[in-house]
Peer 1: 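Just dropping this structure here.
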There are 2 protein chains.
Amino acid sequence: MSPTPPRRALNRQVLADHVHEELMASLIDGRLEAGANLSIDGIARDLEVSPTPVREALARLEHTGMVRRVALKGYKVAPLFTAVELAQLVDARLVIEPVNAELACASITPALVAELKQTIEDLRSSPTGASYAEFRDYWKADEDFHRIIAEHAGNPFILNAYKTLGGQVQRFRFFAGLGVTDADTAIQEHTAILDAFSAGDPAGARDAMIAHLNGVKQRSIRDSVEHP
Amino acid sequence: MSPTPPRRALNRQVLADHVHEELMASLIDGRLEAGANLSIDGIARDLEVSPTPVREALARLEHTGMVRRVALKGYKVAPLFTAVELAQLVDARLVIEPVNAELACASITPALVAELKQTIEDLRSSPTGASYAEFRDYWKADEDFHRIIAEHAGNPFILNAYKTLGGQVQRFRFFAGLGVTDADTAIQEHTAILDAFSAGDPAGARDAMIAHLNGVKQRSIRDSVEHP
DNA sequence: TAATCGTATTTCCTATAGGATTCACGATTG
DNA sequence: CAATCGTGAATCCTATAGGAAATACGATTA
């Protein structure tokens, strides 16, 4: 008897989670353009679910800043960043991430070093083309590097703050729309941070992170000026 | 004709917003105890609405950390902070708020000084009893002080990060459950920050904020040790 | 032609119904 | 007495229906 073992537990998942992931992916990779209306009923039709889980997914998405809600009017994809906001986003990272680096480095483990080293390897081996499909691996490796450091800082509140920024970062990067323009420099800067980790030098890790983010900031501004 | 002008627009508001506010208030003032189950249907019955807006309100609340969700199981009020988490929360504030103070002070205006001065006045004039009703005004004044500084830092991303922490702070403070034990010291420390603002001394404002938060941290830990 | 009006569609919002699962609790059985 | 089983309630989750307002759009009229 019991021809099929309890497979059902695997199938059983909450639709709102699925919708949330789907929307998040669409926002990050640009399938949903800035300013686009996010019709609840429309999304429900597209994904073949009812509006209820869509409402829940959108409510969760609101705090990320990627989606804006106006009561009784609906949701829209947040507008593109201006050059000022873009710089502010990096400034916010400059507040949080150097501390992350310092803390994570202070409790360094060989496993962490190995993880970070792997992300830099991935960065090197990933293509850097101009379309999302091409540089998605590059981005993932870059995001992994920063996220792993944040996760090892040991402060869940700071981690939460970083994660909120993280989504923004990814979205911004897509809309910069240039593909990867600074792979060599970024790899170099990540390596400098990793070296400080390997040496067990928290202050050095902090400074290397500051230098990296300042580099990101300047290159971002430069790119956004050259390609308005 | 048109016997009643468009009054309806005032009545028209989204139930989810109302539920959200109601839950937030209950969480902050402790009517909802840590670990309590947040039954969607139950809340809907209590507030005499349908479960749909309740789901939306809870989804919005999740990212604050005050509420935890387990798929297919429901929502619970997040557990109380441990002493370690409590210290971590202040550490997170120590990352963000000194920068806020420095930035806000760098673009100081007489209006901002007046606003801050007012919150300190409110702090002085508020009762400091042991029940929520008594020290709610004190809290509000304290929270206003920090929030106003965050709002004047001029970086919406950092402000967002601060706000997320802010809710946590308030909840923690209630659950410390002692009323206000450090009014004099807190007023003194706020005044020191204000003085630096008045003097147009960003570095001084930053340092005064650091000193204040360190004081908050130490007093919090002391209180939580004395009243486990 | 230009403006206004009316209809039809869309959209948000809320309530309700029902399926699936879990939980509580009492009854039954060894 | 202890353990197991079964029933009913509670709960989460999703779909559907329908009200209210906004929007689109075409027809009518000055």
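These numbers come from the heavy atoms of this one structure, side chains and all, not from hydrogens, waters or symmetry mates. By convention in this document, chain letters (A, B, ...) are assigned in the order of the sequence lines, proteins followed by strands, and residues within each chain are numbered from 1.
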Peer 1: Once you apply a heavy-atom cut-off of 4.0 Å, does B:Arg45 come out as touching a base, just sugar-phosphate, or nothing?
Peer 2: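 Sugar-phosphate contact only.
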Peer 1: Looking only at the side chain of A:Leu15 (C-beta and beyond, no hydrogens), which of the listed nucleotides D:dT14, C:dT22, C:dT11 gets closest?
Peer 2: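 Of the candidates, D:dT14 comes closest.
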Peer 1: Roughly, in whole Å, what's the span from CD in A:Gln13 to C1' in C:dA20?
Peer 2: 15 Å
Peer 1: Rounded to whole angstrom units, what separation is found between the OH atom of B:Tyr75 and the C1' atom of C:dT22?
Peer 2: 18 Å
Peer 1: Figure out the CG/P separation between A:Asn37 and C:dT11, and round it to whole Å.
Peer 2: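 That distance rounds to 9 Å.
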Peer 1: So if I take every side-chain heavy atom of B:Ser39 and compare against D:dT14, D:dC12, C:dC12, which nucleotide ends up nearest?
Peer 2: D:dC12
Peer 1: Please compare B:Gly42 and A:Lys73 by the position of their nearest nucleotide in DNA chain D and report the one closer to 5'.
Peer 2: B:Gly42
Peer 1: Any side-chain heavy atom of B:Thr164 sitting closer than 4.5 Å to one from A:Thr164?
Peer 2: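 They are not in side-chain contact.
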Peer 1: Does B:Glu97 reach the side chain of B:Ile149, with side-chain heavy atoms less than 4.5 Å apart?
Peer 2: no
Peer 1: Specify the separation, in whole Å, of atom CG of A:Leu38 and atom C1' of C:dC12.
Peer 2: 14 Å
Peer 1: Can you sort out the partners of A:Ile108 under side-chain contact (heavy atoms from CB on, under 4.5 Å), two or more places apart, ordered by chain and number?
Peer 2: A:Leu112, A:Val113, A:Phe197
Peer 1: Donor-acceptor pair, B:Asn155 side chain versus A:Gln88 backbone, under 3.5 Å?
Peer 2: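 Indeed, once roles are kept as given, a pair shorter than 3.5 Å links the two residues.
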Peer 1: Roughly, in whole Å, what's the span from CD1 in B:Ile40 to P in D:dT14?
Peer 2: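 So the CD1-P distance, B:Ile40 to D:dT14, works out to 10 Å.
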Peer 1: Expected output is a numbered-order residue list: members of residues 46-64 of chain B with a heavy atom under 4.0 Å from any atom of DNA chain D. What is it?
Peer 2: B:Arg55
Peer 1: Parallel, tilted or perpendicular: which one describes the rings of B:His212 and B:His190, with boundaries at 30° and 60°?
Peer 2: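 Ring orientation, 0 to 90° scale: perpendicular.
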Peer 1: Figure out the CZ/P separation between A:Arg69 and C:dT11, and round it to whole Å.
Peer 2: 18 Å
Peer 1: Could you tell me the separation between the CG atom of B:Leu72 and the C1' atom of C:dC23, rounded to a whole number of Å?
Peer 2: 15 Å
Peer 1: For B:Phe157 and A:Phe81, I'd like to know if the aromatic rings sit close, meaning centre-to-centre distance below 6.0 Å.
Peer 2: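 Centroid distance B:Phe157-A:Phe81: below 6.0 Å, so yes.
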Peer 1: For A:Ile43, which contact category applies under a 4.0 Å heavy-atom criterion: base, sugar-phosphate, or nothing?
Peer 2: nothing
Peer 1: Please check if the number of heavy atoms outside A:Arg147 that lie under 6.0 Å from its CZ is greater than 12.
Peer 2: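 Yes, the 6.0 Å shell around CZ holds more than 12 heavy atoms from other groups.
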